[in-house]
Peer 1: 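Here's a structure for you.
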Amino acid sequence: MLLKKYLGPLNKENPILVQVLGVCSALAVTAQVKPAVVMGISVAVVCGFSNLILSLLRNTIPQRVRIIVQLVIVAALVIIVDQFLKAYFYDISKMLSVFVSLIITNCIVMGRIEAFALSHKPIPSFIDGLANGIGYGLVLLIVSFFRELLGSGTLWNHQVIPQSFYSNGYLNNGLMVLPPMALIIIGVIIWIQRSIHKELQEE
Amino acid sequence: MGYSLTSIFFKSIFTNNMVFAYFLGMCSYLAVSKNVRTSFGLGMAVCFVLIITVPVNYLINKYLLEPGALEWLSDKFNNVDLSYLSLIIFIAVIASITQILEMIIERFSSSLYNALGIYLPLIAVNCAILGCSLFMQEYHFPNLAYSTIYAAGCGIGWMLAIVAFAAIRERLKFSNIPKPLKGLGIAYITTGLMGMAFMALTGM
């Protein structure tokens, strides 16, 4: 039962598909699988640790200035992640450009702090943050899988679609690499998810 | 980016539109676009905040944070590079300016304040605002006028997107959509189609 509660963000309470949080950065980084996975891990780390830290501090922060305190703590974590990526994965951090910095304004992080960390104990908050980050990463993975496979015929930068297809006239779908297709793929994912879970449908 | 002011202005409205090209500010874009009036108000607020924050951040970046920016203080600071601090400083500037804006709107226009309600504090964490400052830092604009024009373009582009989307959404209420697609699903697909339409303006 407890486990089920924490696994919610992976499906029925998914931050992108159901809570509509953190859509902003979700779409721009999904043209290829590799940056999408890195982005998902970064968000999960930031989300988990910011929930942990703010849950530890929750009784000492005055109500009125809490937004600023939250922003500063999240910003510090994001700077650490950003510097880490620049040091060890330079090419990916170039590809992600400003979107790593934009984790700071990712509504998942702020939303989970407000909705969960400020009213729960540290360990559950940490797990909740991590689970939401993973749920976010999962959607990124699905979207980037289809975009990279259909758009460039590769996965994780390896050629997947054999050369013989191309010589017989198969063409990559160039539109998949462009931004609007990410939105349409997410729309379709929502469509499938809501046909399975009828209780999520809107009136 | 082009070099003249007009080309920067129009590029940031149409081809590099914050919503359709970079997906910035999507959260409030999807949440507040239920009717045209409210979304117009939010669009104006975003425009206003952008036009104030981006030039302020530009000056901070140019005279405090960039590599070698502290040269005007003393020759000794030639090699100082504070750019890793830019994120914290930008977000602090944005958060404080939105706080001030909230107080001003509450004082002078209570109808707008009631309409926007809880979304005003959200402007502080609207990625379009921070994103615009970060892009400004990447483009290395030569002077203040460029950054102001760029901010105005981004703001107008964002407003254009949300107002157009709200208008479409008001119509969508009466159309016959498959049940699982209602609400959020069709909102994403519509935005994708609008993005494709905007792509046609590339290379203008």
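Proteins come first, then strands; the chains are lettered A, B, ... in the order of their sequence lines, and each starts at number 1.
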Peer 1: For A:Met181 and B:Met196, run side-chain contact (heavy atoms from CB on, under 4.5 Å): C-alpha distance rounded to whole Å, both residues' side-chain angles, the deciding distance at 0.1 Å, then the answer.
Peer 2: CA-CA 9 Å; A:Met181 280 316 284; B:Met196 279 184 204; 3.7 Å; yes
Peer 1: Does atom CZ (B:Phe135) have a neighbourhood of more than 12 heavy atoms from anything else shown, all under 6.0 Å?
Peer 2: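 Result for CZ/B:Phe135: enclosed.
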Peer 1: If you count the non-hydrogen atoms of other residues, nucleotides and ligands that lie under 6.0 Å from CZ in A:Phe165, is the total more than 12?
Peer 2: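 Open: at most 12 neighbouring heavy atoms sit under 6.0 Å from CZ of A:Phe165.
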Peer 1: With a 4.5 angstrom heavy-atom cut-off, is it the side chain or the backbone of A:Gln83 that approaches chain B, or both, or neither?
Peer 2: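 Only the side chain of A:Gln83 comes within 4.5 Å of chain B.
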Peer 1: Between A:Leu183 and B:Phe23, does the side-chain contact (heavy atoms from CB on, under 4.5 Å) criterion hold? Intermediate values first, please.
Peer 2: CA-CA 9 Å; A:Leu183 286 161; B:Phe23 307 113; 3.6 Å; yes
Peer 1: Is it true that atom OH of B:Tyr63 has more than 12 heavy atoms of other residues, nucleotides or ligands lying nearer than 6.0 Å?
Peer 2: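 Counting neighbours around OH of B:Tyr63, 12 or fewer heavy atoms of other residues, nucleotides or ligands fall under 6.0 Å, so no.
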Peer 1: How far apart are the closest heavy atoms of A:Arg194 and B:Lys182, and which atoms are they?
Peer 2: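 The pair with the smallest heavy-atom distance is NH1-O, 3.7 Å.
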Peer 1: At a 4.5 Å cut-off on heavy atoms, which part of B:Ile189 comes close to chain A: side chain, backbone, both, or neither?
Peer 2: both
Peer 1: Hey, are the side chains of A:Ile79 and B:Leu85 touching, using non-hydrogen atoms and a 4.5 Å cut-off?
Peer 2: no
Peer 1: Picking from A:Ile196, A:Ile190, A:Asp82, which has the most non-hydrogen pairs under 4.5 angstrom with chain B?
Peer 2: A:Ile190
Peer 1: In Å, rounded to the nearest 0.5 Å, how long is the span from CG of B:Leu24 to CZ of A:Phe99?
Peer 2: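 Between atom CG of B:Leu24 and atom CZ of A:Phe99 there are 5.0 Å.
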Peer 1: Hey, could you give me the CG/OG distance between B:Leu181 and A:Ser195, rounded to the nearest 0.5 Å?
Peer 2: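 Answer for the CG-OG pair, B:Leu181 versus A:Ser195, is 8.5 Å.
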Peer 1: Could you look at A:Ile16 and say if it's the side chain, the backbone, both or neither that has a heavy atom under 4.5 Å from chain B?
Peer 2: both
Peer 1: Under 4.5 Å from any heavy atom of chain A, what part of B:Tyr84 do you find: side chain, backbone, both or neither?
Peer 2: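 Both backbone and side chain.
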Peer 1: Which atoms of A:Leu178 are under 4.5 Å from chain B, going by heavy atoms: the side chain, the backbone, both sets, or neither?
Peer 2: side chain
Peer 1: Chain A heavy atoms under 4.5 Å from B:Gln137: which part of the residue, side chain, backbone, both or neither?
Peer 2: neither
Peer 1: For A:Pro180 and B:Gly192, work out which heavy atoms get closest and say how close.
Peer 2: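 Scanning both residues completely, I find the closest heavy atoms to be CB-O, 3.3 Å.
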Peer 1: Nearest 0.5 Å please: distance from the CD1 atom of B:Ile91 over to the CD atom of A:Gln70.
Peer 2: 12.0 Å
Peer 1: Between A:Ile104 and B:Ile88, is the side-chain contact (heavy atoms from CB on, under 4.5 Å) condition met? List the steps.
Peer 2: CA-CA 9 Å; A:Ile104 215 176; B:Ile88 280 193; 6.0 Å; no
Peer 1: Rounded to the nearest 0.5 Å, what's the gap from CD1 on A:Ile103 to SG on B:Cys127? Could you check?
Peer 2: 11.5 Å
Peer 1: Under a 4.5 Å cut-off applied to non-hydrogen side-chain atoms, are A:Trp191 and B:Pro178 in contact?
Peer 2: yes
